[in-house]
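All heavy atoms count here, side chains included; hydrogens, waters and symmetry mates do not. Just follow the structure's listing: the first ligand is 1, and inside any ligand the first atom is 1.
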Amino acid sequence: MKIAFNRAFFDSSYSDDNAALPGRMEAAMSLIDPGRWSTLVSAPATIRQLLRVHDAAYIESIAANPRQFELARMAAGSSIAAAESAYAGEPCFACIRPPGHHAYRDRAWGYCVFNNLVLALMELRETQVIESAFVIDIDQHTGDGTRSLLADWSGATVFNPFAEDATNYLKLVESRLAEIEEVSIIAVSAGFDAYEHDIGHKLSRADFHTIGAMIRSASMRASKGRRFAVLEGGYYLPDLGSNVAAFCEGFE
Ligand SMILES: [Zn+2]
């Protein structure tokens with residue numbers, strides 16, 4: 001498995017939102033073992049790639065803040081690289097910011113800018129002619145932008161698990177994953193804000209490992225092992241690194 005990452009994501013200077021908290025990306029990467037998981041550094045997404053998903057006027061409005069634009073294009077480029085790696089046979093976790101699952105065609109909210117996951121799927125749809133995708137979004141918040149952007153693609157399924165407690169959450173994830181028939185790729189919006197000490201007050205570190213392993217297993221069965229994940233939320237910095245690593249260990 002690879003980790004798609006760029007040291008530029010450590011730069012917290014351009015924005016003061018929670019996804020740009022100083023030290024957040026350092027925390028997310030802190031337990032990623034470079035000896036175990038090699039880093040995939042990719043080019044920023046091109047304007048042509050962004051236009052597959054976003055309106056030109058929206059892209060221009062983001063470009064008005066050059067540093068934000070640069071990092072958002074890097075996040076999207078890393079997500080695309082993660083999907084390409086996954087499609088070629090090596091799973092990948094894109095440890096990126098800004099996140100993307102609240103980004104629509106012409107607007108965004110919730111610290112998101114471009115929809116990294118949808119950009120990656122649309123790239124595969126165009127270059128590899130994939131027919132289908134199963135998206136599981138484990139962030140505490142619904143990936144409304146992702147739902148909106150994939151609504152017109154009948155081959156895409158988006159699953160946002162919701163349950164009151166961890167036990168039922170895991171049961172729900174397990175049963176829904178078991179229903180997947182053949183699919184070209186499985187993509188994960190990996191948010192860690194449903195963590196027991198984060199705003200969701202629900203999932204433990206072990207649960208993130210379990211979810212990663214469940215998705216891996218579903219992917220081996222239904223998508224030829226093709227799977228990638230992209231970082232979304234996750235704001236409890238003391239444990240973000242161990243939660244990311246736990247997910248990756250299960251997902252690998
Ligand atoms: Zn969230």
- Task: Give a yes or no on whether Asp193 keeps an N, O or S atom under 2.8 Å from the Zn ion (ligand 1).
- Result: yes
- Item | Aromatic ring proximity, centroids under 6.0 angstrom, Phe208 and Phe251 | no
- To the nearest 0.5 angstrom, please state how far the CG atom of Leu177 sits from the CD1 atom of Ile186. 6.5 Å
- For His101, the option from Thr142, Asn116, Asp137, Thr146 that meets side chain to side chain donor-acceptor pair (under 3.5 Å): Asp137
- His101 backbone or side-chain N/O/S under 2.8 Å from the Zn ion (ligand 1): no
- Message: Ring of Tyr104, cation from Arg107 - is the NZ or CZ under 6.0 Å from the centre and inside 45° of the axis?
- Response: yes
- Quick one: report the N, O or S atom of Asp139 that is nearest to the Zn ion (ligand 1). OD1
- Message: Of all the N, O or S atoms in His141, which has the shortest distance to the Zn ion (ligand 1)?
- Response: ND1
